[in-house]
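The next block holds one structure in the form of structure tokens; read it before the comments.
Along the sequence shown, the residues carry numbers beginning at 1.
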Amino acid sequence: MQHENFMRHALEEAREAYKRGEIPVGAIVVHNGKIIARAHNEKESCQDATAHAELLALQRTARHLGHWRLNESVLYCTLEPCAMCAGAMVNARLGHLVYGVTDPKAGSAGSVYDIVRSPALNHQVVVEGGILKEECSELLKRFFASLRRDG
């Protein structure tokens with residue numbers, strides 16, 4: 001139940017991205033039971049291919065905590081992370097990742113790749129997926145349908 005409550009906050013961020021014309025992915029970071037960082041995709045507004053919700057949330061968390069090692073933190077994101085974000089999670093020593101819907105084209109937390117749990121790397125992240133997957137999926141489907149309709 002706790003995962004669902006926190007995922008709802010990540011969904012709020014995804015909805016904000018949707019309103020701004022960004023791919024609707026949202027992320028939050030929880031540390032000691034409290035939300036300490038929030039982010040949504042900002043690729044279009046920043047014109048920066050690296051401005052993914054997960055990366056922005058990791059950066060904001062490190063600034064908040066005053067250090068980059070996030071092994072006591074949980075990142076919630078609405079979409080399974082891509083390779084770039086998954087690599088950042090490993091490098092940040094993230095403790096736990098909880099995501100909503102899998103990404104069958106670019107997912108790197110178990111569906112296409114499993115970067116976050118690769119035994120070849122120096123850190124593995126605990127992963128749970130499928131939390132509020134229907135809500136997370138519906139928002140993405142609605143966004144891409146509107147692009148096809150309007151584009």
Does His96 have any ring-ring contact (aromatic ring centres under 6.0 Å, His included) partners at least two apart in sequence or in another chain, and if so, which?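 With neighbours one apart ignored, the set is His3.
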
Considering only residues two or more places apart or on different chains, which pairs with a residue in [range] satisfy salt bridge (charged side-chain N to carboxylate O under 4.0 Å, His left out)?
range	value
residues 89-118	Asp114-Arg117
residues 20-36	Glu16-Arg20
residues 44-60	Glu42-Arg60

Applying side-chain hydrogen bond (donor to acceptor under 3.5 Å, both in side chains), can you list everything that pairs with [X], at least two apart in sequence or on another chain?
X	value
Glu80	Ser111
Ser73	His31
Ser137	none
Arg69	none

Partners of [X] by side-chain contact (heavy atoms from CB on, under 4.5 Å), sequence neighbours excluded?
X	answer
Leu121	Val90, Ile115, Ser118
Gln124	none
Glu138	Arg142

Of all pairs that satisfy ring pair (Phe, Tyr, Trp, His ring centres under 6.0 Å), the ones with a partner from residues 106-144, not counting sequence neighbours: Tyr18-Phe143

Just to verify, which of Thr102, Val101, Leu139 counts as forming a side-chain contact (heavy atoms from CB on, under 4.5 Å) with Leu79? Val101

For Met7 and Val98: C-alpha separation, side-chain torsions, deciding distance, then whether side-chain contact (heavy atoms from CB on, under 4.5 Å) applies. CA-CA 8 Å; Met7 187 61 74; Val98 180; 4.0 Å; yes

Val127 and Tyr99: CA distance, side-chain angles, deciding distance, side-chain contact (heavy atoms from CB on, under 4.5 Å) verdict: CA-CA 8 Å; Val127 177; Tyr99 69 86; 3.7 Å; yes

